[in-house]
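Structure first, then comments.
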Number of protein chains: 2
Amino acid sequence: MRDIRETAMRPAQPGAMRLETGCDQCGARASNVCSTLAFKDLDRLARIAEPMIFAPGQSFIRESSPAEHFFNITSGTARLFKMLADGRQQITGFAGEGHFLGLAVPTAYAYGAEAVDTVRLCRYPRQRLMRLLAEFPAMERRMLEEVSNELVAAQEQMLLLGRKNARERIASFLVRRMAITPLRHGVALPRIAMVRLPMARRDIGDYLGMTIETVSRTLGTMKREGMIAIPDPARIVIQRPAALLALANGLA
Amino acid sequence: MRDIRETAMRPAQPGAMRLETGCDQCGARASNVCSTLAFKDLDRLARIAEPMIFAPGQSFIRESSPAEHFFNITSGTARLFKMLADGRQQITGFAGEGHFLGLAVPTAYAYGAEAVDTVRLCRYPRQRLMRLLAEFPAMERRMLEEVSNELVAAQEQMLLLGRKNARERIASFLVRRMAITPLRHGVALPRIAMVRLPMARRDIGDYLGMTIETVSRTLGTMKREGMIAIPDPARIVIQRPAALLALANGLA
DNA sequence: CGTTGTGTTGATATTAATCAACAAGTGTGG
DNA sequence: CCACACTTGTTGATTAATATCAACACAACG
């Protein structure tokens, strides 16, 4: 693990500086920590960051362990999960580039985290980061915004888990993923979209509250209906986005 | 709706003042907005508060409507819910005395809110409150804390909805409610506890992702097993708290 | 070239939903 | 005051959806 390098980008507005953290090792960048920090603050933040890299399957947060660190993913996808004693697992979310982990944890982590594919991230000692944060109200506001977004997503997921059937769950998942996939020109609903699924069927099931068999069967049915195509298990082509969206919202 | 009255309590620490908001009309108090505001700040906050009262069943937040207000419940219980077009409903949480509503909403409310029993609350114009907040970092931190707690609860609920069976869901619900009921001396797990359920079976079902029939049947089974007693539909006596807790965590 | 992991598909079991009936409580109007 | 409608909760019978158990195809890998 080598030194972190911080980059000051061209100011979006006069007097404002965009923060970008990354690491020499992986070359990745995350630019969503805070948008209004002074140059010297960037420096102080970067100085306490520890860049790390994790292979697929590696765990980097253990549920219920003391929350000593704060994480900022720079590339790859991680699964965040809660477990029951008998091994039943619920994935509460997937965290990708730019996501924060360890925000909503007063003392102990409320969930575990594992790398889905190769994950690069920057780790910050929690105490030191918190002391820094206290000095930068803008950063605190950015964190509130981030946690709020997560909460909205969590509420949406509760609706899915509590009230949607298998087809609607898969459709909702694909629609959400479609939004995550970077779209050219920011078009909201392209005629045909490709969704990448870096996670295994097991993870999709544990995220949507169903078994791998039901995930597979439901995808198979949609494929037979011409709603989607599956060139390989990790890629889904959305052939009828409008129909999928309607299904996701229980309108079909 | 009359004037709001603000009360300055004896300072917990020198220089710190505890905030308490309430309304003359209902007499209720909520003292958890912020614990470290100067006296003049209390005054400014209280000046923009609008005390309101809602009868059982009344709606005071409509899903997807512009988030123009921020709410602080002073007494009673409200249900927060999301709906699908065909009427399926998921209650994302119950909000009681001291809870904040409308925090995690950038532009539009992500959920609707209705009074379960008689609800008294203080409403704050969002814009004006936000301007005030910007001046009080302590308050912003308190909000982050609140949203974080909600997020942790939401993740716990995802585990429940995605992976627990009917018995485990009901057990988890009762255990959670048990924690909410104020306990004398703060004892964590009393030998016998009483849980009040101000909400109807319909609401419990919509919260736990099951039908009213399954809620009723599951409670009936637990009663027959001697795990709980049901003096009337709105009160549950926990007769074997340890067994209930084990069941809630999937250990039975 | 066997081994292992992943995804798919089929047959069966199980859980909870649905449909239905009814009891008890509540409010209304005559 | 009673008759009535209406709501809520409970329980029973049946159905439907998904889980479970099982087999197998296929790719990756030593």
Side-chain angles (χ1 to χ4, degrees), chain A residues 55-57 79 84 86-90 114 116-117 160-173 195-225 228-236 247 250 252, chain B residues 55-57 79 84 86-90 114 116-117 160-173 195-225 228-236 247 250 252:
Chain A
R79 56 170 164 267
L84 290 171
D86 62 2
R88 276 176 289 173
Q89 187 174 221
Q90 177 66 34
E114 284 177 6
V116 168
D117 45 19
L160 181 150
L161 292 171
R163 288 301 180 214
K164 291 184 184 176
N165 64 28
R167 279 173 69 81
E168 292 163 345
R169 289 179 198 208
I170 291 289
S172 302
F173 176 67
V195 176
R196 312 203 104 270
L197 302 179
M199 70 291 293
R201 294 288 184 272
R202 158 81 55 198
D203 288 337
I204 298 175
D206 283 346
Y207 181 52
L208 301 179
M210 44 207 272
T211 60
I212 51 176
E213 292 96 329
T214 303
V215 171
S216 188
R217 262 188 265 271
T218 306
L219 284 171
T221 305
M222 289 180 174
K223 177 179 162 187
R224 236 167 292 123
E225 294 168 340
I228 62 173
I230 313 179
D232 68 275
R235 288 183 307 167
I236 307 278
L247 181 54
Chain B
R79 57 172 164 267
L84 290 172
D86 62 2
R88 278 176 288 173
Q89 188 173 221
Q90 178 65 35
E114 284 177 7
V116 168
D117 45 20
L160 180 150
L161 292 171
R163 289 303 180 211
K164 291 183 183 177
N165 64 28
R167 279 173 69 81
E168 292 163 345
R169 290 178 198 209
I170 291 289
S172 301
F173 176 67
V195 175
R196 312 203 108 270
L197 302 179
M199 70 291 293
R201 293 289 183 273
R202 159 79 55 197
D203 288 338
I204 299 176
D206 283 345
Y207 182 52
L208 301 179
M210 42 206 272
T211 60
I212 52 177
E213 293 95 329
T214 303
V215 170
S216 187
R217 261 188 266 272
T218 307
L219 285 171
T221 305
M222 290 180 173
K223 177 180 165 187
R224 237 168 289 123
E225 294 168 340
I228 62 173
I230 312 179
D232 68 274
R235 286 183 308 165
I236 308 278
L247 181 55

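Just so it is clear: chains get the letters A, B, ... in the order the sequence lines come, proteins before strands, and each one is counted from 1.
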| Where the side chain of A:R201 is defined as all heavy atoms beyond and including C-beta, which of C:dG7, C:dT18, C:dA11 is the nearest nucleotide? | C:dG7

| request: Could you pull out the closest heavy-atom pair between A:L84 and B:R163, with the gap in Å? | output: CD1-O, 4.4 Å

| Protein-nucleotide distance (A:L219, atom CG; C:dT9, atom C1'), rounded to Å | 14 Å

| Can you check whether A:T211 has a side-chain N or O nearer than 4.0 Å to OP1 or OP2 of D:dT18? | no

| remark: To the nearest angstrom, the CG-P distance between B:L161 and C:dT15 comes to 19 Å

| said: Distance alone, cut at 3.5 Å: any donor-acceptor contact between the side chains of A:T218 and A:T221? | reply: no

| Is the shortest distance from a Lys or Arg side-chain nitrogen in B:D206 or B:R79 to a carboxylate oxygen in the other one below 4.0 Å? | no

| message | Without decimals, in angstroms, what is the distance between A:L208 CG and D:dA17 P? | response | 19 Å

| task | Determine the sole option in B:I204, B:D203, B:V116, B:I230 for which the side chain to side chain contact (heavy atoms under 4.5 Å, CB included) test with B:L197 is passed. | result | B:I204

| Between C:dT6 (C1') and A:M199 (CE): distance, integer Å | 15 Å

| Any donor-acceptor N/O pair, B:R201 side chain to B:P233 backbone, under 3.5 Å | yes

| said: In this structure, how many angstroms lie between the P atom of D:dG9 and the CD1 atom of B:I170, rounded? | reply: 13 Å

| note | Closest of D:dG9, D:dT18, C:dT18 to the B:S216 side chain is D:dG9

| query | Which residue lies toward the 5' end of DNA chain D, B:R202 or B:R217, if each is placed at its nearest nucleotide? | reply | B:R202

| Within the structure shown, what part of the strands sits under 4.0 Å from A:G209 by heavy-atom distance: base, sugar-phosphate, or nothing? | sugar-phosphate

| field | Proximity to the side chain of A:P233 - top-ranked nucleotide from C:dG7, C:dT18, D:dA19 | value | C:dG7

| Between B:R167 (CZ) and C:dT14 (C1'), how many Å, whole number? | 16 Å

| Side chain of B:N165: nearest nucleotide among C:dA16, C:dG7, C:dA11? | C:dA16

| Tell me: CD1 of B:I212 to C1' of C:dA21, nearest whole Å? | 13 Å

| task | Would you mind telling me which of C:dA17, D:dG9, D:dA19 lies closest to the side-chain atoms of B:A200? | result | D:dG9

| What is the distance from NZ of A:K164 to C1' of D:dA17, rounded to the nearest Å? | 18 Å

| said: By nearest heavy atom, map A:R224 and B:E213 onto DNA chain C; which one lands nearer the 5' end? | reply: A:R224

